[in-house]
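As structure tokens, the structure follows; a few thoughts come after it.
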Amino acid sequence: MFPENASSSPLLHNLNPEQRAAVTLPAEHALILAGAGSGKTRVLTTRIAWLLQTGQVTPGGILAVTFTNKAAKEMLTRLSAMLPLNVRGMWMGTFHGLCNRMLRAHHRSVNLPATFQILDTQDQLSAIKRLCKQFNVDEERFPPKQLQYFISGCKEEGQRPGDVPARDEDTRKKVELYQLYEDQCQREGVVDFGELMLRSYELLRDQDAIREHYRRRFRHVLVDEFQDTNRLQYAWLKMIVGLPGEGGGAIMAVGDDDQSIYAFRGARVGNMADFVREYQVRHQIKLEQNYRSYGHILDSANALIGHNTARLGKNLRTTQGAGEPVRVFEAASDFEEAQWLVDEVRQLVRNDGFARHEIAVLYRSNAQSRVIETALVNAGIPYRVYGGLRFFERAEIKHALAYLRLIENPRDDTSFLRVVNFPPRGIGARTIEQLQDLARESGCALVDAVSAVPGKAGANLGAFIAKIDVLREQTQGRTLREIIELVLEHSGLIEHYRADREGADRIENLEELVNAGESFVMQEGFGRDAVALPLDEQAPAALGQSPASQGLDLDAPVLDAPLAPDQETGETLSPLAAFLTHAALEAGDNQAQAGQDAVQLMTVHASKGLEFDAVFITGLEEGLFPHENSASDRDGLEEERRLMYVAITRARKRLYLSHAQTRMLHGQTRYNLRSRFFDELPEGALKWITPKRSASASTGAAPWGSSGAMPWEAAPRRNPTPQPAWGRSSLSAPDFGAGPVPERKSEPEHGLRVGMAVFHNKFGEGKVLAIEGAGADARAQVQFTRHGTKWLALSVAKLTPV
DNA sequence: GCACCCGCAGTTTTT
DNA sequence: CTGCGGGTGC
């Protein structure tokens, strides 16, 4: 089936049978179900290396697509470690990076300027706000955020304004605004993220020659995290390879339906089943051998995910031993949970030899990090929070980029408005409104309407565009570094921030921008980002606008053509334009101060794809995890469960689960029941380490978290604390130090829990959505079948469980 | 044109 | 309880 020399290739050493089977599959469509920690990236990269090594394909025949730049980089790094590699001809990157590359190469065919710039989510929103103002849209009725969601949603479904079914008046209005937004972007020469995908898709759909070119070229299309693809991305892939029998390449889709956690942003797990059906996939390989976690951890993951229906079906297994049990802790409050966590982290580092950066603290929502951060700060434990503002999203950086973009394209109104009066130069809202009116009347860009503004206001505006013009001239023929330095100097940004008491950080970031430009240039001659290549120098070589372009032999020089200038554009992207593209497509590191050995804090979502020696999953409470907004329907709950599955499978050696009985949320104390997920884990793999509390013990009352059902629980639950871990000194006398354990004078007596069906004398039947407060203050949010959702004070309203 | 104050909302996120 | 955005007042 494959060349003999290849079957013994060193590439295949140390692969398990399933991995090896996946790597050496024939050139046909295949689905690889890759469980967590099963060596997915390894299979993907080895597959590519193997295809190349056995001469089945040249680098130019490979298209490998991922979701994040990080994943793309990782793949490239590992691949180059396996093979000496000419990465230039290979298309490896994110969906958006590759679409960008394609659109740059064919910018004329898709009616875009060669230097089109990319709007990130923030830019898109401000563009929409601007549009709404201009057309006097009632922003109460049509919040810009919602319009943005609507437009992005349409694009992800592959719908242009004309394709959107507009049943009601509201939708018609939104579609109209969608159209106006499109016109505006087109006029300004900018595209948003959705547009990158959609326009690239349409290019392939509508331009036969171009589509056939790519179809013949890409013999092997490899897709990472396939379960996260949205409708448009799958359609795009289908365009690139065609349906079976249409002469296109083979798709190897790698994914894990159990790790599908992005439905909320359009991901369609269903693409996996569709793919199998539409491509008559014969080769489905399950990678179930897990190389990451010990047995108890995997048992927990398997048992939990087993509660989901409609799975493709997988069970992780390990050859490592059972390992330690999963430790479960019940805290009286979020505060106590954090204290406990700090103590435990100390133990891990001091006694058990865990590196701090090998310890992760996971939570469902960002708001939960605060208490934990406070406790860590007080304890002097270094930590890092993932997922704040990224480098290129910071305001000062966006300001600097706006100047740079205006140099490149003065018609970029979004950038124009961002900095026309920043730093302040006496151009006020009135003037800008006037300018916008003038521009709209004559249908031109803001910059072109400046000369029509009279008086002092006009002079100020004139000075602004003169400044930009001067910068543009000065930067001619300069290196990227010099360009950025010039902009920082002449824009007045640095000066402005120097006057600001809290501007020091911002100045530092601006100076960092110079470095970012420098290293961008270093990386690839000038801005040829190896991952998300902004400019394709190869493929379109055969697709030029030469007289014979329609009849060109698209096959001949393409696959390994020598690097040639883009014949369609006849020009190369300037370093500046390339850098701006890079800034939009790769927003930069998502983590705070890297480098030092710090505990890692992040949401469960952010943890996907990572692994740690020790993992804490905190806030395992009904309403939080599973989140209240998701727990009401089955799909939502199943996604929450997959999220929990992702969280569990991050851990290598040790896993902690914790929940708190009370938690401050939105400035109020909430009483949360422990997560139902606890009931879905195998008892034998767990160990409750919650210590007995002296307060409750001395009164003789059943201690929280001790044996027996909670007093307010309708159905008896499994014993949450079979054997408190008295033996361990660290646990027997918990030092909850800094504050008193919150008093619990009034334990809930209402007997209600979230999800419970209840009856009210006036409102009839309903379902409890949330419970808040305690004793006389206790309130419940109930969704009534006939009377909507209401908050009821439990001391007043009579609710009876049904 | 800017500063301050009030009011309101408040999962998850990459490109 | 926070942070952000809009609106008002100087």
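Each chain gets a letter, A, B and so on, in the order the sequences are listed, and its residues count up from 1.
Following rounding to the nearest Å, Asn100(A) (CG) and dT14(B) (P) show an atom-to-atom distance of 19 Å. Rounded to whole Å, the distance from CD on Glu139(A) to P on dG6(C) is 7 Å. Taking atom CZ of residue Phe95(A) and atom C1' of nucleotide dT13(B), one finds them 16 Å apart after rounding to whole Å.
Scanning atom types as modelled, no donor and acceptor separated by under 3.5 angstrom connect the side chain of Thr94(A) and the base of dT14(B).
Gly194(A) comes within contact range of no nucleotide atom at all, as no heavy-atom separation falls under 4.0 Å. At a threshold of 4.0 angstrom between heavy atoms, the contacts of Asp120(A) with the nucleic acid are absent. Residue Leu624(A) is classed as having no contact, given no heavy-atom separation below 4.0 Å to the nucleic acid.
Remark: Ser365(A), Asn366(A) in residues 365-377 of chain A come within less than 4.0 Å of DNA chain B through at least one heavy atom. Using a 4.0 Å cut-off on heavy atoms, the residues of residues 602-610 of chain A that approach DNA chain B are Thr603(A), His605(A), listed by number.
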For residues 146-153 of chain A, dump all side-chain donor-acceptor pairs below 3.5 Å to protein atoms at least two apart in sequence or in another chain.
unit_1, atom_1, unit_2, atom_2, d
Gln148(A), NE2, Thr121(A), O, 2.9
Gln148(A), NE2, Gln124(A), OE1, 3.0
Ser152(A), OG, Gln148(A), O, 3.0

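Residue whose closest nucleotide on DNA chain B sits further toward the 5' end, between Arg265(A) and Ala429(A): Ala429(A).
Between Arg265(A) and Glu156(A), none of the side-chain N atoms (NZ, or NE/NH1/NH2) sits under 4.0 Å from a carboxylate O, so this pair counts as no salt bridge.
Applying ring-ring contact (aromatic ring centres under 6.0 Å, His included) to Phe625(A) and the options Tyr363(A), Phe677(A), Phe678(A) leaves one that passes, Phe677(A).
A donor and an acceptor atom, one from each side chain of Arg641(A) and Asn308(A), are located under 3.5 Å apart.
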